[in-house]
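Data block below; observations after.
Since the structure is predicted, the reported quantities are computational estimates derived from the model, not experimental observations. Numbers here are sequence positions counted from 1.
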Amino acid sequence: MAFDIEMIKAVYAKFPERIEAARKAVGKPLTLTEKILYAHLSQGEATGAFERGVSYVDFQPDRVAMQDATAQMALLQFMQAGRDQVAVPSTVHCDHLIQAEVGATADLDKAKDKNKEVYDFLSSVSNKYGLGFWKPGAGIIHQVVLENYAFPGGMMIGTDSHTPNAGGLGMVAIGVGGADACDVMAGLAWELKFPKLIGVKLTGKLSGWASAKDVILKVAGILTVKGGTGAVVEYFGDGARNLSATGKGTICNMGAEIGATTSIFGYDEKSEAYLRGTDRSDVADLANGVKEHLTGDVEVYNNPEQYFDQVIEINLSELEPHINGPFTPDLAWPISKFAEAVKKHDWPTKLEVGLIGSCTNSSYEDISRAASLAQQAVDKNLKAKSEYTITPGSEQVRFTVERDGFLDTFGSMGGVVLANACGPCIGQWARHGAEKKEKNSIITSFNRNFAKRADGNPNTHSFVASPEIVTAMAIAGDLTFNPLTDTLTNENGEQVRLDEPTGLELPTKGFAVEDAGYQGPAEDGSRVSVIVDPQSDRLQLLEPFQPWEGTDLKGLKLLIKAKGKCTTDHISMAGPWLRFRGHLDNISNNMLIGAVNAYNDETNTVKNQLTGEYGEVPTVQRHYKQHNIGTIVVGDENYGEGSSREHAAMEPRFLGVRAILVKSFARIHETNLKKQGMLALTFANPADYDLIQEDDNIDIVGLESFAPGKSLTVVLNHADGSKNEIEVLHTYNQGQIGWFKAGSALNLIKEKND
């Protein structure tokens with residue numbers, strides 16, 4: 001479980017020289033983001049003034065972290081790379097496959113039995129190739145990383161879109177697909193388009209009901225779900241220094257909901273306190289030795305408009321608690337306006353369930369503040385009107401808050417403690433009655449609230465807030481309740497008011513844990529066997545994708561023209577499908593079943609051009625594949641937003657889709673498509689989306705001279721004999737074109753290691 005102190009020393013040793021070289025190359029002071037990026041340029045990448053949002057740059061991350069759902073495919077790919085050990089420190093965290101149903105103990109026992117085959121595979125493959133393995137029940141990947149591995153000034157990639165949580169400790173931490181993780185574990189550089197920079201200046205200090213969660217809820221309302229796309233959000237100012245390290249982690253975590261590449265805070269006294277509080281004083285000592293490099297230059301923060309592409313300012317002293325939703329995390333409502341919005345939009349006012357925890361809000365501070373409200377409910381003879389669940393972020397947090405009495409407090413209020421896992425936040429929730437599809441409301445301290453995400457019910461109105469607000473709302477059982485101003489009737493018929501929540505950033509008696517759930521790798525992995533049963537329906541060894549045939553793509557059928565929002569949840573659903581994350585053939589049966597067909601406004605029903613009949617998307621695609629006919633998928637804006645899951649790219653590739661043509665892509669998904677040898681294309685004129693007809697045969701022309709910055713032509717051959725030729729754009733550089741020609745990035749890795 002060691003945090004690789006020698007690696008951290010090596011990172012800090014190169015900071016002064018590299019950052020000074022970057023200042024000279026750029027010719028101006030540097031933001032914190034720029035400092036860390038320049039310090040992590042890969043070998044052979046010359047320091048230069050890279051153009052933000054344009055230049056592709058090679059980096060060398062310090063470590064890789066993977067959650068169990070995505071680690072399966074990442075490690076199945078790594079096994080094909082020809083290496084004996086991972087090239088950088090890497091860990092696997094078993095947090096996604098545990099379904100919440102009854103309570104922590106029963107749910108964990110059931111998951112261990114149900115997922116034994118997957119856990120044994122991940123344990124053995126980690127043991128063989130030198131990865132740290134965090135067992136089921138150890139905790140949620142992002143909380144465990146923050147407690148054990150994140151360090152100021154470091155660079156990490158993780159196979160989960162909320163990897164930026166580590167930005168709370170000053171780390172550039174970026175969510176990627178498993179193919180990217182495979183590359184870095186194989187010793188290759190990792191490529192990223194040099195991001196734009198959004199500066200958020202925080203002034204003042206939080207008080208009362210306001211929390212760090214409210215900062216990002218407000219920012220989400222300002223920037224929307226795609227306002228941060230292609231950008232890093234860097235927080236600074238006196239207000240930033242007043243926030244706890246875990247509070248900063250909350251803000252960075254949910255930055256994924258605005259499409260940001262990552263988010264980050266500078267190193268300060270709060271960061272140091274958290275490092276020392278989590279038994280990493282040696283890291284704090286090292287960070288103190290280079291702390292001038294672990295924050296942006298003074299000139300940058302004094303005149304942010306000159307150095308950031310966009311600047312937002314928020315006064316924490318004036319910040320109201322927010323509630324965001326339903327159905328999207330950027331629909332932001334200050335608490336003073338929320339009741340009015342509930343009534344105006346006829347959202348169900350009765351609150352069925354309040355859920356706190358998740359990777360976003362499961363720190364000691366979060367739980368202690370929520371527990372202060374639960375204690376008030378007990379003391380003031382209030383009975384919670386809604387169901388209430390608590391998801392601790394790690395075994396260390398769970399053990400500590402149990403020791404300090406908080407779990408007993410929640411129990412007295414009627415709360416149910418779930419396993420240290422993602423659970424309802426990612427759809428791993430066996431919610432009784434959800435199958436009835438009834439209109440209802442829930443409120444969570446999670447990060448995402450897309451339709452059907454939590455419980456599979458499209459009529460569940462899910463709202464996002466801080467753990468404090470969620471707890472207060474669960475006590476009231478009414479979405480129109482404002483805990484800042486309203487009273488409640490207790491069991492004695494008395495009117496009582498909830499006092500402001502209180503809590504501690506760190507436990508006064510320190511953290512404690514008996515078994516954190518960590519397994520170190522074998523010293524000699526060559527003696528470890530990794531066995532995958534050929535008859536398994538959970539795991540399947542991979543076969544390489546075929547290389548490009550060297551010609552333009554002609555006669556492609558339109559598989560689906562997706563209308564409106566099409567997230568990775570729509571492309572490759574989670575929930576019950578998580579069990580197939582290591583079996584590409586089986587999980588491909590969920591491909592695009594959540595996307596809305598523009599021609600009939602229905603999901604999972606598209607026209608089969610060979611039969612003229614309508615069928616389920618995967619079934620129709622398999623029919624095309626059987627007849628050796630390629631297809632194309634057309635989409636709308638921000639296609640592929642949401643989770644980093646690479647299955648959303650691998651499934652279409654596996655089933656024979658050759659290209660994805662959209663108005664715009666979410667960053668991670670576009671990269672994932674490229675890694676798998678797919679064509680990821682955008683309309684030069686977004687209005688051309690309307691030209692595509694249901695029975696089109698489609699050609700992609702210009703591939704024989706495929707080159708960076710050079711557009712391609714798509715020919716739409718309509719059923720009536722007419723045609724349209726439209727220009728389409730791409731963002732491929734020369735290396736990525738190499739991936740396309742080889743059939744995938746992994747194919748090139750294998751060639752180099754053979």
Side-chain angles (χ1 to χ4, degrees), residues 225 325-329 426-429 431 434-440 448-462 557-581 586-625 631-643 645 647-657 659-666 669 673 689-690 692-696:
V225 290
F327 306 128
T328 183
I426 60 163
Q428 283 284 53
W429 186 18
R431 185 183 179 192
E435 70 281 356
K436 298 177 183 178
K437 309 297 184 189
E438 293 176 338
K439 188 176 178 181
N440 74 103
R448 290 191 175 142
N449 58 344
F450 301 135
K452 298 192 286 187
R453 179 174 173 88
D455 61 3
N457 179 2
N459 297 313
T460 293
H461 292 56
S462 180
K557 302 294 186 183
L558 175 67
L559 175 62
I560 186 172
K561 179 177 174 180
K563 177 182 177 181
K565 187 184 287 288
C566 192
T567 71
T568 48
D569 280 336
H570 295 87
I571 303 167
S572 176
M573 286 185 178
W577 293 95
L578 284 173
R579 70 186 309 270
F580 298 124
R581 283 294 180 86
N586 284 346
I587 199 170
S588 293
N589 288 321
N590 76 3
M591 185 191 73
L592 286 159
I593 62 175
V596 176
N597 184 349
Y599 301 108
N600 58 16
D601 286 331
E602 296 182 12
T603 58
N604 202 23
T605 174
V606 295
K607 187 174 184 179
N608 184 331
Q609 292 191 43
L610 300 183
T611 65
E613 299 177 351
Y614 284 81
E616 296 179 342
V617 181
T619 303
V620 171
Q621 180 57 39
R622 287 183 185 275
H623 192 234
Y624 288 138
K625 182 180 181 180
T631 59
I632 185 170
V633 169
V634 174
D636 214 318
E637 297 280 5
N638 207 27
Y639 182 90
E641 70 172 282
S643 166
R645 67 191 66 146
H647 300 76
M650 295 187 77
E651 293 172 28
R653 181 73 168 101
F654 175 72
L655 290 183
V657 177
I660 310 290
L661 173 60
V662 300
K663 294 179 181 178
S664 65
F665 283 106
H669 187 63
L673 289 169
Y689 169 92
D690 297 326
I692 294 172
Q693 299 176 18
E694 190 173 29
D695 293 310
D696 281 351

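- Nearest heavy atoms, Gly640 versus Thr568: O-CG2, 3.5 Å.
- Between the CZ atom of Arg579 and the CD atom of Gln428 there is a distance of 11.0 Å, given to the nearest 0.5 Å.
- Screening Asn597, Asp636, Asp601 for a side-chain hydrogen bond (donor to acceptor under 3.5 Å, both in side chains) involving Lys563 leaves a single residue, Asp601.
- The shortest distance between side-chain heavy atoms of Arg622 and Ser588 falls below 4.5 Å.
- Defined by atom type and a distance below 3.5 Å, a donor-acceptor pair is missing between the side-chain atoms of Glu641 and Thr567.
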Check step by step if side-chain contact (heavy atoms from CB on, under 4.5 Å) holds for Asp569 and Arg448. CA-CA 11 Å; Asp569 280 336; Arg448 290 191 175 142; 5.6 Å; no

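- Here the shortest heavy-atom pairing between Leu592 and Ile560 reads CD1-CG2, 4.0 Å.
- Taking all atoms of both residues into account, the shortest heavy-atom contact from Glu637 to Ser664 is OE1-OG, 2.7 Å.
- Not one N or O on the side chain of Asn459 forms a donor-acceptor pair closer than 3.5 Å with the backbone of Lys439.
- Looking at Asn604 and Pro618, their side chains come closer than 4.5 Å, going by heavy atoms from C-beta outward.
- Taken from CG in Asn590 to CD1 in Ile571, the straight-line distance is 10.5 Å, to the nearest 0.5 Å.
- Counting heavy atoms from C-beta on, the side chains of Ile426 and Arg453 come closer than 4.5 Å.
- To the nearest 0.5 angstrom, Asn457 atom CG is 9.5 Å from Lys452 atom NZ.
- Contact record, Tyr689 with Ala562: OH-O, 2.8 Å, taken as the closest heavy-atom pair.
- Residue Lys561 comes nearest to Tyr599 through the heavy atom pair CD-OH, 3.1 Å, listed as atom of the first residue, atom of the second, then distance.
- Annotation: the span from Lys565 atom NZ to Phe450 atom CZ amounts to 5.0 Å, rounded to 0.5 Å.
- With Lys437 contributing its side chain and Gly456 its backbone, the two residues share a donor-acceptor pair below 3.5 Å.
- For the side-chain contact (heavy atoms from CB on, under 4.5 Å) test with Gln621, the passing option among Val633, Val606, Asn608, Val657 is Val657; the others fail.
- A donor-acceptor pair under 3.5 Å links the side-chain atoms of Asn600 to the main chain of Thr605, judged by distance alone.
- A 4.5 Å side-chain heavy-atom check between Leu673 and Phe665 finds at least one atom pair inside the cut-off.
- Thr603 contributes no side-chain N or O that, together with a main-chain N or O of Gly594, makes up a donor-acceptor pair within less than 3.5 Å.
- Here the side chains of Met591 and Val617 are in contact, with some heavy-atom distance below 4.5 Å.
- Listed for the Lys663 side chain is no donor-acceptor partner under 3.5 Å among the backbone atoms of Tyr639.
- Taken to the nearest 0.5 Å, the CD1 atom of Ile587 stands 4.5 Å off from the NE2 atom of His647.
- Counting only distance, with no hydrogens or angles, the side chain of Asn440 and the backbone of Glu438 share a donor-acceptor pair below 3.5 Å.
- Summarising the geometry, atom OG1 belonging to Thr631 is positioned 8.5 Å from atom CG belonging to Leu558; distances are rounded to the nearest 0.5 Å.
- The two residues Tyr624 and Lys607 come nearest to each other via the heavy atoms OH-O, 3.6 Å.
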